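When a ligand or atom number is given, it counts from 1 through the structure's own listing order. Counting from 1, the numbers follow the sequence of the chain as shown. What you see is a predicted model, and the numbers here were worked out from it, not measured in a lab.
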Amino acid sequence: MTKPLTLHDTAHAKINLFLHVTGRRPDGYHLLDSLAVFAGAGDRISAEKHDSECLLSITGPFSVGLSASDDNLVLKAAHALRQKAGITQGVHLTLEKNLPVASGIGGGSADAASALRLLSTLWEVDPALLPNIAPTLGADVPVCLGQTPTRMLGIGEILEAGPTLPEGGILLANPGIGVSTPDIFRRFSQTGGPQPRTAPILPMHWENMQHLASTLTDTTNDLQPPAVSLAPIINETLAAIATLPNCLLSRMSGSGATCFGLFPTAENAHAAAQILREHHNWWIWGGAFASTEK
Ligand SMILES: C[C@](O)(CO)[C@H](O)COP(=O)(O)OP(=O)(O)OC[C@H]1O[C@@H](n2ccc(N)nc2=O)[C@H](O)[C@@H]1O
Ligand SMILES: Nc1ncnc2c1ncn2[C@@H]1O[C@H](COP(=O)(O)OP(=O)(O)OP(=O)(O)O)[C@@H](O)[C@H]1O
């Protein structure tokens, strides 16, 4: 079969449905217990063969201010794979940046994982190499390789399959501020650090979104209070989501500032997003989870 000239992939937004910080390693990284799921929203990445160089072009609503130089996680992923697999071919990658940057939904990590997936196909590299490279690019990159509901342990490198998600809806809202992940972890440590607690027990699957939301009420995002203390608008975002029709739960994802709401159906989430847009000039998305996106 002839390979298409350009390959395409979606780097879905990662949402931490809960995030417990359980300890700290001697190197300063924090140990986590988190359930990551993926929303239909995402960046789009395409890859085209190129003689010997790795090039990146960035388009899309959040391309402004994002550098296409070697410190972009997409190019870091390409260089890391080339080195590991001894590849001499190049690539022209195009990133359509639809997700806000530094917003707790793993945009850069999802892009890096997406680039690894695309390039293993384009350069015919064994995909078994990818899980070794992913953690060297960022703590969230391993979970973004699979883009399925996953329990994250360790600093994000120990992955266990999570429960199957029911059909349902998720809304994402970012009030237009980027927050720095290291700053949020630092504030978390300064304000008490990890507290002893029992690990949540999750079912194999959830019957419906009401069941999922009720399980989550026994969990938290430990990074939410430090993020709110650094960026109080996150509280306003959470409150605005919570009052939308049919909202079952609102919470912050990752290190913020993006917050999510859970809804019984994708249609409910889509309708709630339209209402929220009438009142706020924020980045707002509503729809289905990635795994159930038609
Ligand atoms: C908060 C999460 O998004 C939850 O999924 C991730 O743990 C963060 O993943 P990430 O953004 O890919 O993080 P990295 O780029 O690897 O790390 C950024 C910085 O966050 C802090 N960091 C990150 C992950 C972790 N488990 N403990 C940490 O303390 C460290 O200061 C690190 O230097
Ligand atoms: N392709 C990329 N997309 C977004 N950010 C990138 C990319 N490449 C490098 N970066 C840098 O990575 C940093 C983190 O951005 P990212 O959008 O991944 O944060 P995040 O959503 O908070 O991630 P996480 O949820 O993993 O903490 C930003 O400071 C940004 O400049």
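With respect to atom 28 (C) of ligand 2, the closest heavy atom belonging to the protein is V101 CG1, 3.9 Å. What sits closest to atom 4 (C) of ligand 2 on the protein, heavy atoms only, is K97 NZ, 3.4 Å. Taking atom 6 (C) of ligand 2 as the reference point, the nearest protein heavy-atom neighbour is L66 CD1, 3.8 Å. The protein heavy atom nearest to atom 22 (O) of ligand 2 is G104 N, 2.9 Å.
Ligand 2 places these atoms under 4.0 Å from at least one heavy atom of D140: 24 (P), 25 (O), 26 (O). The S255 neighbourhood of ligand 2 comprises atoms 27 (O), with distances under 4.0 Å to a heavy atom of that residue. Remark: ligand 2 atoms within the under-4.0 Å shell around heavy atoms of S109 are 18 (O), 26 (O). Against a heavy-atom cut-off of under 4.0 Å, L95 is close to the following atoms of ligand 2: 1 (N). Under a 4.0 Å criterion applied to the non-hydrogen atoms of G107, ligand 2 contributes the atoms 17 (O), 18 (O), 21 (O). Numbered from 1 in the order shown, with element, the atoms of ligand 2 that lie under 4.0 Å from a heavy atom of D111 read 1 (N), 2 (C), 3 (N). Near K14, the atoms of ligand 2 lying under 4.0 angstrom from a non-hydrogen atom of the residue are 25 (O).
No side-chain donor from either of T22 and D33 sits under 3.5 Å from a side-chain acceptor of the other. No hydrogens or angles considered: nothing links the side chains of T237 and W282 as a donor-acceptor pair under 3.5 Å. Residues Q224 and D222 bring no donor and acceptor atom of their side chains to less than 3.5 Å of each other. Side chain to side chain, H20 and T219 fail the donor-acceptor criterion of an N or O pair below 3.5 Å.
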Atom pairs, nitrogen or oxygen, ligand 1 to protein, under 3.5 angstrom:
from	atom 1	to	atom 2	distance (Å)
ligand 1	3 (O)	K14	NZ	2.9
ligand 1	3 (O)	D140	OD2	2.6
ligand 1	5 (O)	K14	NZ	3.1
ligand 1	5 (O)	N16	ND2	3.1
ligand 1	5 (O)	D140	OD1	2.7
ligand 1	5 (O)	D140	OD2	3.3
ligand 1	9 (O)	D140	OD2	3.3
ligand 1	12 (O)	A139	N	3.2
ligand 1	12 (O)	D140	N	3.0
ligand 1	16 (O)	A139	N	2.8
ligand 1	26 (N)	H30	O	2.8
ligand 1	27 (N)	H30	N	2.9
ligand 1	29 (O)	H30	N	3.4
ligand 1	29 (O)	H30	ND1	2.8

(request) Carefully, step by step, assess D111 and R44 under the rule salt bridge (Lys or Arg N to Asp or Glu O under 4.0 Å). (result) CA-CA 8 Å; D111 293 346; R44 293 278 299 157; over 6 Å; no
(message) Please determine whether salt bridge (Lys or Arg N to Asp or Glu O under 4.0 Å) holds for the pair K76 and D71, giving the CA-CA distance in whole Å, both sets of side-chain angles, and the decisive distance to 0.1 Å.
(response) CA-CA 6 Å; K76 278 191 178 173; D71 61 355; over 6 Å; no
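Not a single heavy atom of K76 sits closer than 4.0 Å to an atom of ligand 2. Contact analysis puts G106 in contact with ligand 2, with a non-hydrogen atom separation below 4.0 angstrom.
Closest heavy-atom approach to atom 7 (C) of ligand 2 within the set V74, I45, N72: this belongs to N72. Nearest-heavy-atom check against atom 27 (O) of ligand 2 across L73, V141, T181 picks out T181.
On a distance-only criterion, A102 and ligand 2 share at least one N/O pair closer than 3.5 Å. By the 3.5 Å distance cut-off applied to N or O atoms, I105 is counted among the residues near ligand 2. Checking only distances, G108 does come within under 3.5 Å of ligand 2, N or O to N or O.
By the criterion of a heavy-atom distance under 4.0 Å, neither the backbone nor the side chain of L99 is placed next to ligand 2.
Residue pairs satisfying the ring-ring contact (aromatic ring centres under 6.0 Å, His included) criterion with at least one member in residues 155-186, sequence neighbours excluded, are listed as follows: H30-F185.
L212 places none of its side-chain heavy atoms less than 4.5 Å from the side chain of Q210.
Atoms CG and CG, on L248 and N246 in that order, are 7.5 Å from each other to the nearest 0.5 Å.
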